[in-house]
Structures are given as C-alpha cells and as structure tokens.
Protein chains: 2
Amino acid sequence: MKKEKVRERIVRVASDLFYKQGYNSTGINQIIAEADIAIGSLYNHFSSKNDLLQAYLVKEEVNWFEGYENSTSNISEPREKLLALIDYRKKLQQTSKFAGCHFIKIVSEIGEGNPSVSGFARQHKEKQKDLIKTLVTEYGAQGKLSDIDFVTENIFLLIEGAVVTSTISKQNDSFDQVKKIVQGLLP
Amino acid sequence: MKKEKVRERIVRVASDLFYKQGYNSTGINQIIAEADIAIGSLYNHFSSKNDLLQAYLVKEEVNWFEGYENSTSNISEPREKLLALIDYRKKLQQTSKFAGCHFIKIVSEIGEGNPSVSGFARQHKEKQKDLIKTLVTEYGAQGKLSDIDFVTENIFLLIEGAVVTSTISKQNDSFDQVKKIVQGLLP
DNA sequence: GTCTATATTCCGATAGAC
DNA sequence: GTCTATCGGAATATAGAC
C-alpha cells in the first residue's frame, strides 16, 4: 500500500536525522524536505513531532534486537553469544561514526522533559540486561559461576561504559578492553 | 567588582538551565529572565549563546574536580580514595535527581554539531581516567597489582556505566554494585 | 554597562484547495 | 491524501536611547 510506504519513509528519514543531529535540532521542514513530501502529508500520518519521536523509539528498539539476532544466529554457545554482544555494540559504534546509543542519547537530550521517552529507554535497557542475564544463566548452568546477578550486572555496566566512552573518545579501544575483562569473568 | 558578579550570575543561571533542560531547549530569554538582567547586558558579556556554552563547560569541569577534592580531602589511602570516587559520582546523581554527567549529556545533545564541545568532553574524561590511574598506581606500589592499566580501565568503564545506567533507571543500585566489584579488584 | 525595542529567521502546527 | 500558503509564537541577535 502506498500510504504505508510514505509513512515508513517519513520514519526512516526522521530517525536518521534525530539520531545524527538530535531531536531538537531537527526541524519539521528538514524532515519533509529530505523525505520529499509536503508538510500536510506528514501531519496526515503523525499528529505531532512527538508522535514521530515515539515511532523513532519503537523502530530503533526493533532494529537493535533484530541486528543482534542477525549477527549471532549462527552462534550457540552462551559465552560466545555474550562476546558477540560486545562485538555487536562495537560494530554499531563504528558504522554510526561513534554517534552513541540511541536511548542514552535521547534521554540525555530531553530527559524528564518527556516522561514517556525516559520510560521507554528504561524498559529498553532492562531488556538488554535481561538478554545478558539469560546468557549468563545459561552459561552458569554449564560450568560454575559464583553469582549470576553479580556477573550480569558487571557485564552490563562494562558494556554501557564502553559505549559512552567510545562515543566521547571516538575510539573503539574500550570494547576490546571489555572483551578481555568479560573473558576473565567467564572462565 | 559588580561587572564580574553579573557575569558569574549569568553563568550560574545558564549552567543550571543547560543541565536541567538541555542546551537547545534553553532560550536566551529564559536565561535573562531568571538572571534578572536585560538582553543587552548578556550580549555585553558574551558574544553568543555558544560563548555561554564554553563558560558552562569550564565551570562544570572546575566544579567536578573541586567537589571531588572537597569530599576526599581527609582520605589518604588510595584504595579508599577510589571507593570515595564512586560515592562522589553517586552523590552527584542523587543531588541532581539523576540528571546524569554534564559532559556525556552535552555530547549526546549536540555531539559533532560543535567540535569544540566534544573535544572538551574528551579531555575531561581523560582527566578523570588519569585521576583513577594515579590512585591505582599508588595502590599498586603498595601491595601487588597484576596490570595497572587493566584495572584502571576496568574501574573507569564501570563508573561510567553506572552513571548512565542510574541516569536512565533513576536508581543508585549500580553504584553499590560497582563498589563491590572494585573492592574485589583491589584486594 | 544596562536598558527597551525591534529585526530576522525559523519553529511546530493548521486551513483549505484540489 | 497530497498539496500550497500561512498562522502565531519563540528563537538568536542587533540598534540605539539613557
């Protein structure tokens, strides 16, 4: 259907701009120009700019998990899947030229100015942590692991730290460091 | 001098607003209203809004290190100073209602739209890491530590991860977790 | 140096023709 | 549904009186 294609193009263009320029620095006029549509068409599909923001968050969350699944579909060992998660975040940083995590970024920009945004980001990070916990639990069931929650939180915090650090330093060293640490955590 | 007092008040008001609302969401009109000055006075002290931003960054960096010195002036042991650093970041998050790190926040908001900002943030984080490295080195000279750079990077990444995680979750659990991990890293 | 008034541009959002 | 034209307001910054 043509209607859906227009809507998808709007979300794609807006998402790129929100991510690279920031939400507040991206104007409606720029979105419609790059999507090559009229402003009336945009407001026919979205009631407001905030509506577009919600679609952006949903799209990026789906992309994140789909991207991880795609890059680990041929891996079965939980330990390798955890290490692949580090590689995945590293790759995301490289391909985006160190633009950072979508959700950390949007919370930093509008924070409490939009409670639904921070709530969405919080849930997204919980899902990421759940993913790690599932893999750590699976790994712990095989060999021996002193404290699953301890290791889970440790890995999660290290990865988040590496993402923000690489965003600021524009280098990927941190991920290699995290990988070495995590390898030590999973003997 | 009265001239300097006005300038300081401008920077103080602008800094609060930049931090809590975001840079782009804070208008010149709001700054002059809360500082109780005329717009002509503001542009007599600062050539542009970007000029105010630079003053904001300098002020927050000074505040950061002064605040850490003040809260650790009575501590001499390097291990305790490292643990106090975690408490310091935790306290900053509590008092700011989990508004996050000033520098991660501003880079997330304007990123590459202003190279001097990301450069300043990068240097600031380097200084933080240097502070940790100095303390780890001092600690390593006493007892035994396998790899100083390894431990330094590990602590640094964990703290950064805890800051962003607590900013999103609006809880301080992560810092307690980091403290336990770091205690294990420094036997 | 501080003030008021204003210039200019851009913002998000709406109205109505087709 | 897509379009053009435009609204009302807020943005940064400037001009000039005092």
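This one's a predicted model, so the numbers in the text were calculated from it and none came from an experiment. Note on naming: letters A, B, ... go to the chains in the order of the sequence lines (proteins, then strands), and numbering restarts at 1 for each one.
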Check whether any side-chain nitrogen or oxygen of A:Asn29 sits under 4.0 Å from OP1 or OP2 of C:dC11, and answer yes or no.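 So the side-chain polar atoms of A:Asn29 do come within 4.0 Å of the phosphate oxygens OP1 or OP2 of C:dC11, strictly under.
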Looking only at side-chain N and O atoms, does B:Ser41 come under 4.0 Å of OP1 or OP2 in C:dG1? no
Figure out the [atom1]/[atom2] separation between [X] and [N], and round it to whole Å.
X	N	atom1	atom2	value
B:Lys49	D:dT14	NZ	P	15 Å
A:Ile32	C:dA13	CD1	C1'	11 Å
B:Leu17	D:dA11	CG	P	12 Å
A:Leu52	C:dC11	CG	C1'	15 Å
A:Leu42	C:dT14	CG	P	12 Å
B:Ile39	D:dA10	CD1	P	14 Å
B:Gln21	D:dA11	CD	C1'	14 Å
B:Asp51	D:dT12	CG	C1'	14 Å

Using a 4.0 Å heavy-atom cut-off, does A:Thr26 contact any base of the nucleic acid, only the sugar-phosphate backbone, or nothing at all? sugar-phosphate
Select base, sugar-phosphate, or nothing to describe what B:Gly27 touches, counting heavy atoms under 4.0 Å on all strands. sugar-phosphate
Using a strict 4.0 Å threshold on nitrogen-to-oxygen distance, state whether B:Lys129 and B:Glu153 make a salt bridge.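 Salt bridge: yes.
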Note: A:Glu160-A:Arg89 ion pair, threshold 4.0 Å (strictly below):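 So A:Glu160 pairs with A:Arg89 through a salt bridge.
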Of the nucleotides [options], which has the atom closest to the [X] side chain?
X	options	answer
B:His45	C:dT2, D:dG1, C:dA13	C:dT2
B:Tyr43	C:dA13, D:dT2, D:dA13	D:dA13
A:Ile37	D:dC3, D:dA13, D:dT2	D:dC3

Closest-nucleotide ordering on DNA chain C, the 5'-leading residue of A:Gln30 and A:Ser47: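 Per heavy-atom nearest nucleotide, the more 5' residue is A:Gln30.
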State yes or no: are the ring centers of B:His124 and B:Trp64 separated by less than 6.0 Å?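 Ring centres of B:Trp64 and B:His124 closer than 6.0 Å.
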Can you see whether B:Thr167 engages B:Gln93 through a side-chain donor-acceptor pair at a distance of less than 3.5 angstrom?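 Their side chains do contain a donor-acceptor pair, which is all the 3.5 Å distance test asks for.
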No-hydrogen, no-angle side-chain donor-acceptor test under 3.5 Å, A:Ser116 and A:Gln54: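 A pair is found: one side chain offers a donor N or O, the other an acceptor, under 3.5 Å apart.
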